[in-house]
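To start, the structure under review is shown below, and the notes come after it.
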Amino acid sequence: MNLKQRIKRKMGEALFDYRMIDPGDRILVAVSGGKDSLSLLHLLKAHLARAPIHYTLIPVHVDLGTCRSKVDLLSGYFLSQGFSPRMVQTGIGYEICGAQDLPENCCFLCSRIRRKLLFETARDLGCRKVAFGHHMDDMIETCLINMFFAGNISTMMPRQELFNGDLVLIRPLAYCREEWILEYARQQGLPVSEEVCVEGGPGSRRRRIKEMLAQLERENPGLKTRLFHSLKNVRMEYMPGAFHGGNELRGEHVQ
């Protein structure tokens, strides 16, 4: 099985397992301009051509004004692919990251603002579904970041309903490895323009976690896949704080 077939199969499994797309859906595809989001848009368009149901894809790019603008590049690409895109431009990101006293959580703030703008745009466009290009590696990294720095065990969901189901987030690439997406984008000649943010660069928490995982994967091939499977195989009876019949489990019962 070649790379393209593998990715399509894995994306198809995620779409089916989490019932991500329904007939008649209007799906906002969040496109940053990086390999993940552009690959997702490309794959969903190809899936639409052979799917037994019809749905509508609307690519949306949010430019926070913090980095070199990709609006012109992405607008041209979207139009060449037959899409009717929406470009959301604001300078609020620069106001945060360009401040003299840079807040420690500026990456979190930028991400939160981008999501808020995407949700508002989804509402304006009548889109109940918002598709993100997050993949397996993103989910593993997020879990470790939350464990190391937030003190909880949680990660991104392949499908997540918000606002009492009025908005549904979907991540069709949840079963795909990052290196697959990187090679897929290269093979398809996608106009990738990765965002280079000084504050979210080599010293960021996610970057450090990514490098740590890459080293562990080199030493233990298959480690990332096992970590991902562990997210779906949580044995609550062996987690601290789990109770059975009012009695907390003791350490000696842990296998």
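Note that the structure is predicted; figures quoted are calculated from it, not measured. The chain is numbered in sequence order, starting from 1.
In this structure a side-chain-to-backbone donor-acceptor pair under 3.5 Å is present from N220 to L216. In this structure, the side chain of R26 does not engage the main chain of L57 through any donor-acceptor pair within 3.5 Å. Between the S37 side chain and the G133 main chain, no donor and acceptor come within less than 3.5 Å of each other. No side-chain donor-acceptor contact under 3.5 Å links S75 to the backbone of D72. For K45 (side chain) and L40 (main-chain N/O), no donor-acceptor pair under 3.5 Å exists by modelled atom type.
Under the 4.5 Å side-chain contact rule for hydrophobic residues, I53 and L48 share a cluster. No single ILVMFWY cluster, assembled from side-chain heavy atoms under 4.5 Å apart, contains both F119 and M157. L79 and V88 are members of different hydrophobic clusters when ILVMFWY side chains are connected at heavy-atom separations under 4.5 Å. There is no path of hydrophobic side-chain contacts, each under 4.5 Å, that joins Y184 to M1. The cluster map of Ile, Leu, Val, Met, Phe, Trp and Tyr, joined by side-chain heavy atoms under 4.5 Å apart, puts M139 and L182 in different clusters.
Nearest heavy atom pair, residue H42 against residue L190, reads CD2-CD2, 3.6 Å. The two residues E161 and V168 have their closest heavy-atom pair at CG-CG2, 4.0 Å. Across every non-hydrogen atom of M20 and R171, the tightest pair is CE-O, 3.4 Å. Scanning all heavy atoms of the two residues, the minimum distance from M136 to Y175 falls at CE-O, 3.5 Å. Considering every non-hydrogen atom in both T155 and T142, the closest pair reads OG1-CB, 3.6 Å. Between G33 and L38, the shortest heavy-atom distance links the atoms O-CD1, 3.4 Å.
One finds no salt bridge joining D25 and R128 here, because no Lys/Arg side-chain nitrogen approaches an Asp/Glu carboxylate oxygen to under 4.0 Å. Salt-bridge check for R186 with E183: passed, with a basic side-chain N closer than 4.0 Å to an acidic carboxylate O. Comment: K210 does not engage D137 in a salt bridge, judged by the lack of any side-chain N to carboxylate O separation of less than 4.0 angstrom. With respect to K35 and E178, a salt bridge is recorded, a charged nitrogen being found less than 4.0 Å from a carboxylate O. Using a cutoff of 4.0 Å between basic side-chain nitrogens and carboxylate oxygens, R206 and E141 are scored as salt-bridged.
L169 places a side-chain heavy atom less than 4.5 Å from the side chain of L162. Counting heavy atoms from C-beta on, the side chains of I27 and T56 never come closer than 4.5 Å. M87 is not listed as a side-chain neighbour of V60, based on a closest heavy-atom distance of 4.5 Å or more. Proximity of L227 to L223: side-chain heavy atoms (C-beta onward) are separated by under 4.5 Å at one or more points. Side-chain contact check for S193 versus L73: some heavy-atom pair is nearer than 4.5 Å. In this structure, V130 and V29 have side chains that are not in contact, with every pair of non-hydrogen atoms separated by 4.5 Å or more.
Y55 and D22 are not linked by any side-chain donor-acceptor pair at a separation below 3.5 angstrom, with hydrogens and angles left out of the test. E211 and Q215 share no side-chain donor-acceptor pair at under 3.5 Å. A donor-acceptor contact closer than 3.5 angstrom is absent between the side chains of R114 and S32.
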Test side chain to side chain contact (heavy atoms under 4.5 Å, CB included) applied to C127 and I58, step by step: CA-CA 9 Å; C127 297; I58 306 176; 3.8 Å; yes

Verdict with reasoning, R19 to R159, per side chain to side chain contact (heavy atoms under 4.5 Å, CB included): CA-CA 8 Å; R19 212 195 72 206; R159 174 191 168 109; 3.8 Å; yes

Stepwise side chain to side chain contact (heavy atoms under 4.5 Å, CB included) test for V71 and Q89: CA-CA 9 Å; V71 171; Q89 294 179 268; 3.7 Å; yes

From CA spacing to verdict: salt bridge (Lys or Arg N to Asp or Glu O under 4.0 Å), K10, E13: CA-CA 5 Å; K10 285 297 182 180; E13 289 177 5; 3.6 Å; yes

Candidate pair K8 and R50, rule side chain to side chain contact (heavy atoms under 4.5 Å, CB included), full reasoning: CA-CA 12 Å; K8 286 184 175 181; R50 65 180 189 278; 3.9 Å; yes

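With F132 as reference, L118 is the one residue of D138, L118, V31 to meet the side-chain contact (heavy atoms from CB on, under 4.5 Å) rule.
For the atom pair SG (C143) and CG (N152), the distance works out to 8.5 Å, reported to the nearest 0.5 Å. To the nearest 0.5 Å, atom CD1 of residue I7 and atom SG of residue C176 are 5.5 Å apart. Once rounded to the nearest 0.5 Å, the distance linking OG1 of T121 with NE2 of H61 reads 12.0 Å. Taking CG of L15 as the start and CD1 of I170 as the end, the distance is 7.0 Å to the nearest 0.5 Å. The CD atom of Q187 lies 10.5 Å from the OG atom of S39; values are rounded to the nearest 0.5 Å. The structure places CE of M11 at 15.0 Å from NE2 of H135, a figure rounded to the nearest 0.5 Å.
Around atom CD1 of I153, no more than 12 heavy atoms belonging to other residues, nucleotides or ligands sit under 6.0 Å away. Atom CZ of F149 has more than 12 neighbouring heavy atoms from other residues, nucleotides or ligands inside a 6.0 Å radius.
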